[in-house]
Structure formats: C-alpha cells, structure tokens
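See structure below.
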Amino acid sequence: MRLIVSGQNGQIARALRESPISDVEILTFGRPNLDLENFENFDRLMQEARPDIFVNAAAYTMVDQAEQEEDLAMKINGVAAGALAQAAAAIDIPFIQISTDYVFDGAKATPYVETDAVAPINVYGRSKLAGELAVAAAMPQHAILRTSWVYDGEGKNFLTTMLRLAKTREEVSIVCDQIGAPSYAPDIAQAILTVARNLVNDRSTTGCGVFHMTGAGETNWAEFARAIFSRSAAAGGHFAHVHPIATTDYPTAARRPANSRLNCDRLETIHGVKMQHWENALDRCMRDRTKRGEL
C-alpha cells in the first residue's frame, strides 16, 4: 500500500513516516511540493505519486493566532482540505482527514459521539469543521478522524513545553478545568494505518464517515502535567510543582472547550481500533525520551 501524507514536519506525519511497517510505502509531503496556500499542483502531485490513499495531516494549528488570521486558517484547514479531497477523488482513491475535538463547544457533560451537534467556539475549530464539510462534499470515500491533545516526545507540544519549563522553573500554573484525553502521535499513526488498510481493501462506504480517535481514559491539563513530571523525576530528569488554576485565570485569545472528551466506540466497532490508555502511552513516550538521553 502506498500512502501519501501531507504535513511532513508535523507530529502525525513524522510518526507515520517512522512507523515500522514493512509492507506500506509512506511518502510525506510539505512545502514547496505541497503548499496548502496554493492548490494548483494538487492534481499533478496525485497523478505523479499515484498513492492508494491520501492522509491530510497538515493544518494551521496556531489556535490563538488564528483569531487574527481567520482567512488564512480557513484557507489552509478548510478550502485546501476540500481541494486535496477533490484531487484524490479525481484518481479514485480514499481520503483520510485529520480533525479535532475543537469542532465541539465543550458544553456537554459526557464524552461526545460522532452524531452530536458541532458548535466550534474559536476560529481554529470553525476552520477544521470547514475542512470536514469540504472533504465530505468532495467524495464519499473518506474517513474524518477527530483526535485531541496530540503530543510526541520531540515536537512542539504540551509535553515538550512542560519539560522545557521545568528546566528553569520550580512551579508552573496549569488549567485544571479542561477535560480531555492526551493522544500519542505514534498511536495515532498506527490507528490511521489500520483505517487506511480498511478503506483500501473495502471500497464500500462501510468504513467511511466521521470517527473519534483519542487516547483512552481522561484527565485535565494540570494532571497531565503532573503525570509528565512524575515520570521525568523517576528517570532523573527535570520536574516542577504543578499549581492548578481555572481557565479564567489564564486568559487566551481563543476560547477552549471545557470538555474535549470523545467517545471512540465507533472506531473500535467499525475499524477494530482501540487506542491505548493515555497513561500507558505516556510511559512509552518517556521511556523513549530516556533512551535517547532527552531528560
């Protein structure tokens, strides 16, 4: 199976590229070969690369900055996603779109299911929802995979930020009233590969539509930070005391949903994918960092 991934410098694309899968050829593309601000070469890239499936993991991800750059966020996350899906449809291959928990407003008291009403509360969420709608309109052979709180051991994310701050601070203040599930990029990559195989092997619409795909379990940002520091300390690395604060005590340009929990039962039922518990995934991530000497 030949799989093309957009967003070659992102966490998910990197995890896919590094996946130890011998029978899958994974090609990652980014600028200048794949520019989400310029759609002219999408058809040519698809024709030349001839993948079996396309995964759009590229996105405008600067949540707060998007409040001032709505047009750009909409172009990259919305219009470009639709244009890529149209290019995939032109050569008759399935398409996977990576989306986000931010399509919901976070007001629900329980985990969201795929059929719950979407109501994004910031520009980033609206732009990702626009991408979902554009992909769905472009072709029936698609899977939209919503994930949350993505991290790995080396990119720019919450985990690496916490460990960097711990080098110079004894205490960090972290919000404790936003609930969700950390999702480890290598686990996301393996889930994507399973979904991709299913879509390529079964060209019916059975495996198509919207799916939630996050780490199992739930936590809040403050507890996630504590879990990171406890594992770092156990390995002889840097750590800090976590001071829990309310979202109102840490104002940001973009509002965040209080509840980012996603029910992933549909993904398991239809694609046979069950993500690992977030704490077990964090253990693996920290062990890998320790082996690399990155305490």
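Every heavy atom of this structure was used, including side-chain atoms; hydrogens, water molecules and symmetry mates were not.
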Between Met74 and Val79, is a side-chain contact (heavy atoms from CB on, under 4.5 Å) present by the stated rule, with each step listed? CA-CA 7 Å; Met74 285 291 182; Val79 182; 5.7 Å; no

Please determine whether side-chain contact (heavy atoms from CB on, under 4.5 Å) holds for the pair Phe104 and Asp116, giving the CA-CA distance in whole Å, both sets of side-chain angles, and the decisive distance to 0.1 Å. CA-CA 8 Å; Phe104 297 112; Asp116 282 328; 3.9 Å; yes

Residue pair Glu223, Cys176: steps toward the side-chain contact (heavy atoms from CB on, under 4.5 Å) verdict: CA-CA 7 Å; Glu223 289 303 318; Cys176 63; over 6 Å; no

Using side chain to side chain donor-acceptor pair (under 3.5 Å), reason through Arg256 and Thr252 one step at a time and then give a plain yes or no. CA-CA 9 Å; Arg256 266 69 169 177; Thr252 55; 3.3 Å; yes

Step-by-step side-chain contact (heavy atoms from CB on, under 4.5 Å) determination, Arg14 to Glu154: CA-CA 10 Å; Arg14 180 169 57 247; Glu154 53 186 306; 3.6 Å; yes

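The pair Arg284-Asp187 meets the salt-bridge criterion, with a side-chain N (NZ, NE, NH1 or NH2) lying under 4.0 Å from an Asp/Glu carboxylate O. A salt bridge links Arg203 with Asp92: at least one charged nitrogen is closer than 4.0 Å to a carboxylate oxygen. Salt-bridge formation is detected for the pair Asp23/Arg197: a Lys NZ or Arg NE/NH1/NH2 atom is positioned less than 4.0 Å from an Asp or Glu carboxylate oxygen. With respect to Glu114 and Arg146, no salt bridge is recorded, no charged nitrogen being found less than 4.0 Å from a carboxylate O. Ionic pairing of Arg44 and Glu48 is present here: one or more N-O contacts between side-chain nitrogen and carboxylate oxygen are shorter than 4.0 angstrom.
Of the possible polar contacts, none joining the Asn56 side chain to the Ile96 backbone as a donor-acceptor pair under 3.5 Å is found. Counting only distance, with no hydrogens or angles, the side chain of Arg261 and the backbone of Ala109 share a donor-acceptor pair below 3.5 Å. The closest donor-acceptor contact from the side chain of Ser19 to the backbone of Ala15 lies under 3.5 Å. Of the possible polar contacts, none joining the Asn259 side chain to the Ala107 backbone as a donor-acceptor pair under 3.5 Å is found. Panel note: side chain Arg289, backbone Gly153; a donor-acceptor pair is recorded below 3.5 Å. Although no hydrogens or angles enter the test, the distance criterion places no donor-acceptor pair under 3.5 Å between the side chain of Arg292 and the main chain of Arg287. Remark: side-chain polar atoms of Ser6 are not paired, donor with acceptor, to backbone N or O of Phe29 under 3.5 angstrom. When atom types are taken as modelled, the side chain of His271 and the backbone of Val273 share no donor-acceptor pair closer than 3.5 angstrom.
By the 4.5 Å heavy-atom criterion applied to side chains, Pro111 and Leu262 are not counted as neighbours. Between Ile98 and Ile192 the shortest side-chain heavy-atom distance falls below 4.5 Å. Side-chain contact between Thr100 and Ser148 is absent, with no heavy atoms from C-beta onward closer than 4.5 Å. With a 4.5 Å cut-off on side-chain heavy atoms, Pro51 and Ile93 count as touching. Counting heavy atoms from C-beta outward, Ile4 and Val55 have side chains that stay 4.5 Å or more apart. Using a 4.5 Å heavy-atom cutoff, the side chains of Thr214 and Met275 are not in contact. Side-chain atoms of Met162 and Ile174, non-hydrogen and from C-beta on, do get closer than 4.5 Å to each other. Looking at heavy atoms from C-beta onward, Ile26 lies in side-chain contact with Leu3 at the 4.5 angstrom threshold.
Ring geometry, Tyr102 versus Tyr124: the interplanar angle exceeds 60°, so the pair is classed perpendicular (tilted spans 30 to 60°). In this pair, Phe224 and Phe158 present their aromatic rings parallel. The plane angle is below 30°, not in the 30 to 60° band. Relative orientation of the Tyr151 and Tyr184 rings is parallel, given thresholds of 30° and 60° on the angle between their planes.
Aromatic ring centres of Trp221 and Trp149: separated by under 6.0 Å. Aromatic rings from His212 and Tyr112 are positioned such that their centres are separated by 6.0 Å or more.
No hydrogens or angles considered: a donor-acceptor pair under 3.5 Å links the side chains of Thr247 and Gln178. Remark: the Glu67 side chain and the Asn122 side chain contain no N/O donor-acceptor pair separated by less than 3.5 Å. Arg17 and Thr28 are linked by a side-chain donor-acceptor pair at a separation below 3.5 angstrom, with hydrogens and angles left out of the test. If you check the side chains of Asn157 and Asp152, you find a donor sitting under 3.5 Å from an acceptor.
Ile53 and Ile91 fall into different hydrophobic clusters, where Ile, Leu, Val, Met, Phe, Trp and Tyr side chains are chained together by heavy-atom contacts under 4.5 Å. A single hydrophobic cluster is not seen to contain both Met139 and Phe211; linkage of ILVMFWY side chains at heavy-atom distances under 4.5 Å, directly or through other members, places them apart.
By the ring pair (Phe, Tyr, Trp, His ring centres under 6.0 Å) test, Phe39 pairs with Phe42, sequence neighbours left out.
Heavy-atom contacts from other residues, nucleotides or ligands closer than 6.0 Å to CZ of Arg266 number more than 12. For Phe229, the CZ atom sits in a packed shell: over 12 heavy atoms of surrounding residues, nucleotides or ligands are nearer than 6.0 Å.
For residues 69-85, the side-chain hydrogen bond (donor to acceptor under 3.5 Å, both in side chains) pairs, not counting sequence neighbours, are Tyr60-Glu69, Gln65-Glu69, Asn77-Ser127.
In this structure, Arg164 CZ and Thr160 OG1 are separated by 7.5 Å, a value rounded to the nearest 0.5 Å. To the nearest 0.5 Å, atoms NE2 (His277) and OG1 (Thr219) are separated by 8.5 Å.
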